[in-house]
*Asks:* 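Sharing a structure here in structure tokens format.
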Amino acid sequence: MAMDSTALRHLHFVFIPLMAPGHLLPMVDMAKLMAQRQVKVSIVTTPLNSIQFQAGIDKEIRSGSSIQILNVQFPCEEVGLPEGCESLDTLPSMDLLNNFSIALDLLQQPLEELLEKQRPFPSCIIVDKYFLCVAEVANKLNVPIIIFDGTSCFCLLCTHNLQKDKVYEAVSAEEKFLIPRIPHRIELKKSQLPGIFNPGSDLTLKARREKVMEVAEKSYGIVVNSFEELEAEYVKEYQRFSGHKVWCVGPVSLSNRDDIDKSLRSRRNLSYGNEYVKWLDSWSPRSVIYVCLGSLNRAIPEQLIELGRGLEATKRPFIWVLRGAYGREEMEKWLLEDGFEERVKGRGLLIKGWAPQVLILSHTAIGVFVTHCGWNSTLEGICAGVPLVTFPLFAEQFLNEQLVVQVMKTGVSAGAESVVHLGEEHKSMVQVTRENVKDSIENVMGEGQEKKEIRERARKYADMARKAMEQGGSSYRNMSLLIDHIVHVKGLHN
Ligand SMILES: *[C@@H]1O[C@H](CO)[C@@H](O)[C@H](O)[C@H]1NC(C)=O
Ligand SMILES: *[C@@H]1O[C@H](CO)[C@@H](O)[C@H](O)[C@H]1NC(C)=O
Ligand SMILES: *[C@@H]1O[C@H](CO)[C@@H](O)[C@H](O)[C@H]1NC(C)=O
Ligand SMILES: *[C@@H]1O[C@H](CO)[C@@H](O)[C@H](O)[C@H]1NC(C)=O
């Protein structure tokens with residue numbers, strides 16, 4: 001796969017991530033990996049988002065990569081968002097989601113003007129599937145577009161087949177049904193399906209989702225943060241069913257090789273995260289529970305309180321990341337009044353806000369990851385080689401749970417029953433009791449053959465992930481094939 005270096009010098013890959021931590025960071029990692037292949041790379045985002053990862057990019061530039069950040073101003077004011085609200089996780093309320101989408105649409109013109117000026121002229125745009133107006137930009141500038149899909153091929157295939165077969169239409173919300181035409185026997189309930197299968201949801205949202213599919217249809221392919229060894233059958237089947245090229249180039253978080261990369265990843269402060277590492281150093285290997293239900297947490301305070309009590313009941317050390325988009329104040333009030341923090345003092349560390357997750361997970365003291373199964377977190381858990389306790393909340397997280405529990409068999413379910421739909425948080429109830437929390441954690445951390453096997457499998461997947469990313473590994477080669485593909489599309493190969 002020796003690529004002509006003259007051809008490479010003419011290539012310019014432009015990455016346009018969606019401004020939400022779970023979407024932005026994997027694309028930044030991917031951009032860094034791409035730039036290490038001697039092609040020019042740009043990441044387009046807004047000033048407040050780029051501050052987050054500027055230091056990491058500077059480090060890449062010092063090591064010889066041709067990579068730059070291009071900023072566009074985010075039109076907060078025009079759409080009625082508070083100033084500085086440039087990322088989905090900083091929305092004061094999910095009611096403003098639509099305003100955020102409108103702001104994204106308004107970026108079409110500025111993006112067009114910005115990209116037009118770039119030299120070499122962009123050869124390919126890699127864009128988050130939810131950043132819709134970029135398809136128009138690419139069309140206008142006549143640049144091939146590749147979609148970044150933030151999920152797994154397992155999830156893509158299940159969703160694709162469900163949309164085709166509509167088996168869920170014939171069942172009631174709580175009835176289980178089999179996901180059609182996939183390599184494993186997976187059962188779900190209708191109430192566990194992502195929002196796209198939730199009839200009666202918001203019409204603008206529905207229109208946007210249809211547009212997402214339309215854009216995907218016209219793209220040159222999909223790039224996925226996953227690796228062949230994790231879900232080979234699903235990669236193959238999804239390509240076959242959808243007719244799209246699929247390049248698995250992950251897990252991209254492994255591009256952050258040392259602790260400096262890991263904490264720089266999204267912080268300016270070099271010593272950030274040190275305090276957690278020190279705290280973890282004081283615990284024995286595989287003894288600490290790490291809990292994070294995601295940056296767009298949608299669990300209600302009552303549910304979080306049960307989770308807290310479950311952690312307390314394990315009597316094990318834990319780190320709990322609390323980021324509440326929903327019911328934040330109520331939760332803070334409980335923490336103050338209940339005395340929880342006092343009771344778990346010494347063995348329970350609460351992080352209120354952003355946490356250097358990759359850094360924490362890679363510490364040998366971590367023994368289990370309690371996760372909402374957002375894809376990026378799931379992968380980070382896989383790379384850390386720890387078993388997962390799955391606690392899905394919304395979107396495709398219940399599908400990811402099935403991948404972990406039924407296909408990989410590297411985790412157990414905490415027992416969540418149904419999706420908490422956007423804007424319907426107040427209607428949801430406690431789904432996972434403190435006993436569920438305690439028992440599921442014991443089921444992967446405790447003694448016994450079955451539990452040991454779960455832990456061993458988790459370690460094996462981490463090895464496979466590492467190998468996939470090494471030179472010659474499957475993800476490394478897929479990245480080369482992607483670059484090759486664009487060389488051919490652009491006619492640069494002769
Ligand atoms: C958000 O958008 C809606 C619909 O476009 C608009 O009516 C509303 O005023 C906007 N919100 C704010 C806070 O401006
Ligand atoms: C960096 O972070 C550490 C730990 O969070 C904090 O104590 C320190 O004050 C920060 N330093 C700067 C320069 O912001
Ligand atoms: C993944 O999401 C979690 C929260 O959901 C965040 O803390 C973490 O940094 C994200 N990682 C990536 C790769 O974006
Ligand atoms: C990615 O790599 C796998 C295994 O090396 C290969 O079978 C597959 O065709 C590659 N994908 C693309 C889109 O080239």
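The structure presented is a predicted model; accordingly, all values stated were derived computationally and were not measured. Start at 1 and go down the list; that is how both ligands and their atoms are numbered. Quick note: residue numbers are just sequence positions, from 1.
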*Asks:* Do E60 and Q36 touch side chain to side chain, with heavy atoms closer than 4.5 Å?
*Replies:*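 The answer is yes; the side chains approach within 4.5 Å.
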
*Asks:* Please report the C-alpha distance between F227 and Y461 in whole Å, then the side-chain angles of each, then the deciding distance to 0.1 Å, and finally whether the ring pair (Phe, Tyr, Trp, His ring centres under 6.0 Å) criterion is met.
*Replies:* CA-CA 10 Å; F227 55 107; Y461 272 102; 7.2 Å; no

*Asks:* Under a plain distance cut-off of 3.5 Å, with no hydrogens placed, do E396 and T151 share a side-chain donor-acceptor pair?
*Replies:* no

*Asks:* Report, as yes or no, whether the 6.0 Å neighbourhood of atom CD on E187 holds more than 12 heavy atoms from other residues, nucleotides or ligands.
*Replies:*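 Yes, CD of E187 has more than 12 neighbouring heavy atoms, counting only those of other groups under 6.0 Å.
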
*Asks:* Can you check side chain to side chain contact (heavy atoms under 4.5 Å, CB included) on L88 and M19, steps first, answer last?
*Replies:* CA-CA 6 Å; L88 268 179; M19 300 83 159; over 6 Å; no

*Asks:* Kindly tell me which protein residues have any non-hydrogen atom under 4.0 angstrom away from an atom of ligand 4, grouped by chain and ordered by number?
*Replies:*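 Those residues closer than 4.0 Å to ligand 4 by some heavy atom are E228, V246, W247, R477, N478, L481.
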
*Asks:* Start with the C-alpha gap between R466 and E470, add the side-chain angles, then the distance that decides, and say whether salt bridge (charged side-chain N to carboxylate O under 4.0 Å, His left out) holds.
*Replies:* CA-CA 7 Å; R466 195 176 32 75; E470 281 169 1; 3.2 Å; yes

